[in-house]
Structures are given as structure tokens and as C-alpha cells.
Amino acid sequence: MSFPTSGLKCLLSLVALFASSTSWALPDDARQPIYVDADKARVDKNKGITVYTGNVIIKQGSMRIMAAKVSIHNRDKKVSKIIATGK
């Protein structure tokens, strides 16, 4: 059975999606503290958002994320969402 080129690309995309780095995280990682290193940071306390820019590196347990820009959203003094873009 042979796949058309578009079918093969779709299959490879699905494999890449399911084998992403988050699937390799350790079970204890979510309970570890989050460390952020960046060139700049801007805090908006009213909205509960901190935006980091320039060579951003986030570490939590065994996980490491590198991005050009990261927005960390806080709700009730806890991280509710992290959005990383670029690199």
C-alpha cells in the first residue's frame, strides 16, 4: 500500500505532534517552580500578565522552552497560561 505525498506529509505531521517535547516531561515537572531568563520583562499587574522578550528561556523541572517572546498570565497569584512565540 502506498501513500500519496500529501498523505505521507500528514502522517509525519501527526507523528511530530504526538512526539512533541511536552510528551517527554517527567510526571513531577508540573509541581516544580518555573524559572524565566530574558533580556527584558514588562509587568501589567492590572491584567495579571508579564511579557518577556529577547532570548527567553523558561525552565521547569526537566523541561526547557526557548522563545523570542513569552507571555505569562496569572490568576489568583498562580500561573494560568504561558504563551511562547518565535525563536
Side-chain angles (χ1 to χ4, degrees):
M1 178 170 151
S2 64
F3 287 96
T5 305
S6 60
L8 183 59
K9 288 180 184 177
C10 182
L11 179 62
L12 290 175
S13 296
L14 286 172
V15 169
L17 174 68
F18 289 112
S20 69
S21 62
T22 56
S23 66
W24 299 107
L26 298 175
D28 191 44
D29 284 345
R31 293 186 295 271
Q32 299 298 317
I34 298 171
Y35 297 97
V36 180
D37 185 34
D39 294 336
K40 296 180 185 179
R42 188 182 81 241
V43 179
D44 186 334
K45 289 183 180 182
N46 293 329
K47 292 182 179 180
I49 300 172
T50 303
V51 178
Y52 297 92
T53 55
N55 298 313
V56 186
I57 300 172
I58 300 175
K59 296 178 184 177
Q60 183 180 25
S62 67
M63 296 184 294
R64 180 178 169 151
I65 297 172
M66 298 169 55
K69 178 182 176 184
V70 172
S71 300
I72 299 181
H73 299 248
N74 296 290
R75 183 173 297 148
D76 300 324
K77 297 185 181 182
K78 293 184 179 182
V79 174
S80 61
K81 176 172 46 173
I82 297 176
I83 301 171
T85 56
K87 191 64 176 174

Handout entry: Sidechain-backbone polar pair: Ser80 side chain, His73 backbone, donor-acceptor under 3.5 Å
Key = yes
Problem - For Val56 against Ala38, the heavy-atom pair lying closest together - result: CG2-CB, 3.9 Å
Problem - Straight-line distance of Ile58 CD1 to Met66 CE, nearest 0.5 Å - result: 11.5 Å
Practice task
To the nearest 0.5 angstrom, please state how far the CG atom of Asn55 sits from the NZ atom of Lys69.
Solution key: 15.5 Å
Exercise for the section: Report yes or no: does Gln32 contribute a side-chain atom to a donor-acceptor pair with the main-chain N or O of Gln60 at less than 3.5 Å? Expected result: no
Completion exercise
dist Arg42:CZ -> Ser71:OG (nearest 0.5 Å) comes out at 8.0 Å
Exercise for the section: May I ask whether Val36 and Val70 are part of the same hydrophobic cluster, defined by side-chain heavy atoms of I, L, V, M, F, W, Y residues being less than 4.5 angstrom apart, directly or through others? Expected result: yes
Problem - Ile72: which of Ile82, Ile83, Val43, Ile49 passes side-chain contact (heavy atoms from CB on, under 4.5 Å) - result: Ile82
Problem - Side-chain heavy-atom pair Val79, Ile34 within 4.5 angstrom cut-off - result: yes
Problem - Where Gly61 and Asp29 come nearest, the two heavy atoms and their spacing - result: CA-OD1, 3.4 Å
Exercise for the section: Kindly say whether Asn46 contributes a backbone atom to a donor-acceptor pair with the side chain of Asp44 at under 3.5 angstrom? Expected result: yes
Problem - Separation of Tyr52 OH from Asp39 CG (nearest 0.5 Å) - result: 13.0 Å
